[in-house]
Amino acid sequence: MIDSEIKNAIRIACGQDGQDDDFANKLIKWVEALSSKSMNASQNSDHLNVVIKSINLGKDKQ
Amino acid sequence: MFRLKPEVESWFSNIFPKGALKSKWDLYYLCLMVGLGGGRSEPVTGERTDMVDYFIEDYKKSQKLIISLFMCAELGKFGIQFSDRLMAKEILDKYLNPTNPSFLTNNAFQRMNEYSYGGFLLLAENLGKPNDQATFLMQYEDLLNRLANENATWA
Amino acid sequence: MKITINGWESFGLRCPDVKVNLLKNSTPSRVALIQMPNGTGKTTTLKLIRASLTGAAQNWSRDEITELKSLKNPNVQTGKFILELSVDEKPLVIETIIDFVEAKVRYRTSSILLGGVEDGWRPPPNIKRFLEEKFVSLFIFDGEFAADLLDSTKTKATEAIETLSQLDLFDEVVSEADFFWEKQKRDASGTSKPYLNSLKEREAALTRRLAELKKSRETAQNDVASFSKRLAEVDAQLDEKIGQNETIRSEKDRLSKAKSDADAELSTALEKYMQDLRYPHKLYDGFVRHLNTFKVSLDQAKLPDTSSRQFFIELCEEINCVCGRPIGPNEQNHIREHAEHYLSGDISGVLNAIKNDINIYANQNFDEPLSDSRLKLSDAQAKFHDASTGFSNYMLKIKDFQDKGYEELLKEKAQIELEIRSRDNFLSFMSAPYKSSDDEKSSSVVSIETQLRDMQDRIAEVTDTVELRERINLLSKIATNAKLIAKKSLHKQLIDECNERLSKVLVNSPLQIEDIDNHIKLKGQAGGSVGQTLAVAYVFLTAALHRGSHQFPLVVDSPAGSLEQLVRKEVGKVIPELCEQFISFIIDTEKIGFVPALESASNDSISYSTIFRLNQTSEKLIKNVPNENIQMNGDSVLVTGKEFFVQFTLDKEE
């Protein structure tokens, strides 16, 4: 479990960067998994892969 | 899987497929022998053409000789004495797969493809694009003998 | 998450041999006061409580361990400290066992989760993060720590908040992302955007070049096609003209047949030669030598083995060896290890087949050498050449017998053949394979195509890498930003909550927190009195600890020592409100003002324990105490109850 402040902060920071809710949710899922301290290396890198793949690089904005 | 790059076929296009050169295996074999004899192997990257993963009928009889020569070339390249039992066992395990009809492991396929492509480059560098089978094949024999004689592995 | 301390037991250590029970009707009292005169082992007790929670004792040095040894009983070999906890109402017991002889500490843990007692420090995983050293020091501490929270030279306050509210998770995100990058990056030098752009320019140049070459190839191919068409027409016209002359026609047919016969002979010779070439041992005599050496080496290495790996593996299963001796576990292991030195039976089969073939083909000259078929081939080739030249010469010679038109056709034919040859040359040039010295100026379509493919692969790779770097940078940026946002909002919440509580605690001198930036900054003044400082620190810590609905016991050494009487009262009144379990180690001079205030605020959920060592002075004190309230172990005495607690005083503190 992580504090709602952490989740809120992630949502706000994502919003400020132009990322969508979907990305924010994925990042929150990963941070929650990190906080549980029960992931193995491969689960961790699965999470990170998902997060990195869904980042919007903002190319369409340019 | 034995592989042949498309540029090999296009280099042989004037004399293949016809006459005595019937199958891609012939091109593969001619290149392979030059690669082994000249001791040149080149990575096979980019677009590739899969051939087959076995020795076709024309090469059934020489299959084990070809494999033996391939192993000799590899041993020579790494300076391994085959009388060293443990080392020999390691090499045999690396390259021989008795359950595959070709008797080869994936490692062996890859290395043989590299020798074959290296041999092709030697051919293209030393001979012009062939127009006549008889002339080419005799030139081929001479070139192979010259390159192998210059190569310390076979001296 | 709710953690409470239910009690502890210690023996053989510098602190007294006692069993302290903090439970009242199976729940710990809100306030537990442990009175221990200085020198009774208060510090040791706190150290052991802390080490039980963090598991840190496993790393203690010999000196640290020796310091814990009972002074009264220097011959003791083992000491033990047992801490009894509840985690979300479920019992968890951690035993710290200290071996003074070996100077080693080991733990034993028992919980419902483990289903009994297990060796090692094994708290449930979900509370591990709260048992890290830096976290535990936020709820077990002494007065000095509280003062540090307001010290502008220290960053304890921020650290406390970051630990408590998991802000360090964001740092973890950043470092995980960096680690991921380190693992993924393929070519550090080739990951910049300008580099990518230069690759793209080269790709465009290659594409342009390829289009040019393909266009000229198409033109040449079209030329060849139309020239060939015209050539066929010219040939037909020539045939027609020859056909009109009987003598010439029959001679031409004769020469033509000789040519096709020679061609057939050449094909046969070629076929045979190629058949021979398919045997590597015929190709080059060095191959034969090496094939034989290869076979001899195999023989020398005794390969394939006369026995196979399977033979030995199966032998292990037998009761008796082939020699009749019994096979036990030792023999089995030995045979199994030994079996690894043998090849599997299948490989042996292949090797035997290889050796057999080398024997057949390379060891004896069982059939004709390559030179025979080569000789036949070159003969056939010469014959074909002669026949073909004879035919061509005749065709040239007969022009004298023909009309003007025939000669003109012949001239045209020669011209067309020249044109076709030059284009064929050009086209074969265009299909030359790629050489490593080639660049985008090469005239070979094959080479340009190869270069273009490689370039596209490279671009895809670099694009991936450049993009990955961008993504990781972005992720780090977002995480860093989110941390700032979370920090700000947490600070604000904490400040508001603390200030509200402070206005209750310090009615007479209402201190307020202005900001929490590394340390706690107070409004209007740099710092309050020591007592006020401590009150602010309590409020801050309890407010921070109880965020996220977690409950931890607050264990404080000498909480009131430096407080002014007035502040003691006020702090004492408020602490029971601040947390669910307050355990305080105090000395008798701290009691005045503090204890009554705690008592009145605790709603009677308060326990009193006094722990001391028996000596001439203290012996007199326990004369009138009822037996059920006394626990004695050698010279260690634990007396429970308020009356004794309040009255307890030693004329001289040790």
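In what follows, chains are A, B, ... by sequence order, proteins preceding strands, each numbered from 1.
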Trainee: Does the side chain of C:Tyr273 come under 3.5 Å of the side chain of B:Glu141 through a donor N or O and an acceptor N or O?
Mentor: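 Yes, B:Glu141 and C:Tyr273 have a side-chain donor paired with an acceptor closer than 3.5 Å.
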Trainee: Please name the pair of heavy atoms, one in B:Glu7 and one in C:Tyr434, separated by the smallest distance, quoted to 0.1 Å.
Mentor: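 The answer is OE1-N, 3.5 Å.
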Trainee: Rounded to the nearest 0.5 Å, what separation is found between the CG atom of C:Leu291 and the SG atom of B:Cys72?
Mentor: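 Result: 5.5 Å between the selected atoms.
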Trainee: At their closest point, which heavy atom of C:Phe287 faces which heavy atom of B:Gly37, and how far apart are they?
Mentor: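 For C:Phe287 and B:Gly37, the tightest heavy-atom pair comes out as CZ-CA, 4.1 Å.
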Trainee: Using only atom types and a distance under 3.5 Å, with no angle test, would you say the side chain of B:Ser62 pairs donor to acceptor with the backbone of C:Arg278?
Mentor: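 Pair found, side chain donor or acceptor close to backbone of C:Arg278.
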Trainee: Report the option among B:Leu144, B:Asn97, B:Asp58 that has the most heavy-atom pairs separated by less than 4.5 Å from atoms of chain C.
Mentor: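 Result: the option with the highest number of such pairs is B:Asp58.
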Trainee: With a 4.5 angstrom heavy-atom cut-off, which part of B:Leu96 approaches chain C: side chain, backbone, both or neither?
Mentor: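 B:Leu96 touches chain C through backbone and side-chain heavy atoms alike.
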Trainee: Nearest heavy-atom pair of B:Ala134 and C:Leu270: which atoms, and what distance?
Mentor: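 Taking every non-hydrogen atom into account, CA-CD1, 3.6 Å.
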Trainee: So B:Ile67 and C:Val350, do their side chains get closer than 4.5 Å, heavy atoms only?
Mentor: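 A side-chain contact under 4.5 Å is absent here.
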Trainee: Using a 4.5 Å heavy-atom cutoff, which residues in residues 383-390 of chain C come close to chain B?
Mentor: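 Under the 4.5 Å heavy-atom cut-off, nothing qualifies.
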Trainee: Non-hydrogen atoms of chain C under 4.5 Å away: do they reach the side chain of B:Leu121, the backbone, both or neither?
Mentor: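 The side chain, not the backbone.
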Trainee: Please classify the contact of C:Ser267 with chain B as side chain, backbone, both or neither, using a heavy-atom distance under 4.5 Å.
Mentor: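 For C:Ser267, there is no contact with chain B at all, as no heavy atom is under 4.5 Å.
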Trainee: Measure the shortest side-chain to side-chain distance between B:Phe120 and C:Pro433 over non-hydrogen atoms and say whether it is less than 4.5 angstrom.
Mentor: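 They are in side-chain contact.
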Trainee: What are the residues of residues 441-450 of chain C, in order of number, with any heavy atom under 4.5 angstrom from a heavy atom of chain B?
Mentor: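 So the qualifying residues are C:Val446, C:Thr450.
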Trainee: Compare every heavy atom of C:Pro280 with every heavy atom of B:Tyr29, then report the nearest pair and how far apart it is.
Mentor: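 The pair with the smallest heavy-atom distance is OH-N, 3.2 Å.
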Trainee: Nearest 0.5 Å, please: how far is CG in B:Leu69 from CZ in C:Phe294?
Mentor: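 So the gap between those two atoms works out to 9.5 Å.
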Trainee: Looking at CG of C:Leu351 and OG of B:Ser68, how far apart are the two atoms once the value is rounded to the nearest 0.5 Å?
Mentor: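 Interatomic distance, C:Leu351 CG to B:Ser68 OG, rounded to 0.5 Å: 9.0 Å.
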Trainee: Heavy atoms only, distances under 4.5 angstrom: which of B:Ser13, B:Ala20, B:Ala124 has the most pairs with chain C? Name it, please.
Mentor: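 Most pairs with chain C among the choices: B:Ala20.
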Trainee: With a 4.5 angstrom heavy-atom cut-off, could you sort out which part of B:Asn149 is near chain C: side chain, backbone, both or neither?
Mentor: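 Both parts, backbone and side chain.
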Trainee: Can you confirm whether more than 12 heavy atoms, excluding those of C:Arg202, are under 6.0 Å from its CZ atom?
Mentor: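 Result for CZ/C:Arg202: open.
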Trainee: Does any backbone or side-chain atom of B:Glu125 lie under 4.5 Å from a heavy atom of chain C? Answer side chain, backbone, both or neither.
Mentor: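 Only the side chain of B:Glu125 comes within 4.5 Å of chain C.
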Trainee: If we ignore hydrogens and angles and just use 3.5 Å, is the side chain of B:Asp93 paired with the main-chain N or O of C:Ile347 as donor and acceptor?
Mentor: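 No, the answer is negative, given that no donor and acceptor are paired below the 3.5 Å cut-off.
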Trainee: Just wondering, are more than 12 heavy atoms of other shown residues or ligands nearer than 6.0 Å to NZ in B:Lys60?
Mentor: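 More than 12 heavy atoms, drawn from other residues, nucleotides or ligands, come within 6.0 Å of this atom.
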Trainee: Considering residues, nucleotides and ligands other than B:Tyr54, do more than 12 of their heavy atoms fall under 6.0 Å from its OH?
Mentor: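 12 or below, so no.
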Trainee: Mark yes or no for whether C:Arg289, through its side chain, and B:Trp154, through its backbone, hold a donor-acceptor pair below 3.5 Å.
Mentor: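 Such a contact is found between C:Arg289 side chain and B:Trp154 backbone.
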Trainee: Could you tell me the separation between the OG atom of C:Ser348 and the CG atom of B:Leu92, rounded to the nearest 0.5 Å?
Mentor: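 Nearest 0.5 Å value for the OG-CG distance: 9.5 Å.
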Trainee: So which of B:Leu30, B:Asp26, B:Leu36 has the biggest tally of heavy-atom pairs under 4.5 Å with chain C?
Mentor: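 Most heavy-atom pairs under 4.5 Å with chain C: B:Asp26.
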Trainee: Heavy atoms only: give me the nearest C:Ser428-B:Lys129 pair and the separation to one decimal.
Mentor: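 Taking every non-hydrogen atom into account, CB-CD, 3.0 Å.
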Trainee: Drop me the distance from C:Ile354's CD1 to B:Met71's CE, to the nearest 0.5 angstrom.
Mentor: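 Taking CD1 in C:Ile354 and CE in B:Met71, the distance rounds to 5.0 Å.
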Trainee: Which residue out of B:Asp132, B:Thr153, B:Asn131 racks up the most heavy-atom pairs below 4.5 Å with chain C?
Mentor: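 The answer is B:Thr153.
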Trainee: Could you report the tightest heavy-atom contact between C:Leu283 and B:Asn145, atom names first, then the distance?
Mentor: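 Of all heavy-atom pairs spanning C:Leu283 and B:Asn145, the closest is O-ND2, 3.2 Å.
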Trainee: Can you tell me if C:Gln381 and B:Thr135 form a side-chain donor-acceptor pair at under 3.5 Å?
Mentor: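 Judged by distance alone, the side chains do pair up.
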Trainee: Hey, which of C:Lys272, C:Glu271, C:Met274, C:Gln456 has the most heavy atom pairs under 4.5 Å with chain B?
Mentor: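 Max contact count across the listed options: C:Met274.
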Trainee: Charged N to carboxylate O under 4.0 angstrom, C:Asp357 versus B:Lys61?
Mentor: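 Not counted as a salt bridge, because no side-chain N and carboxylate O are separated by less than 4.0 Å.
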Trainee: Please evaluate residues C:Arg374 and B:Asp142 with respect to the criterion salt bridge (Lys or Arg N to Asp or Glu O under 4.0 Å), reporting the C-alpha separation (whole Å), side-chain torsions for both, the decisive distance (0.1 Å), and the verdict.
Mentor: CA-CA 11 Å; C:Arg374 173 161 181 162; B:Asp142 296 341; 2.8 Å; yes
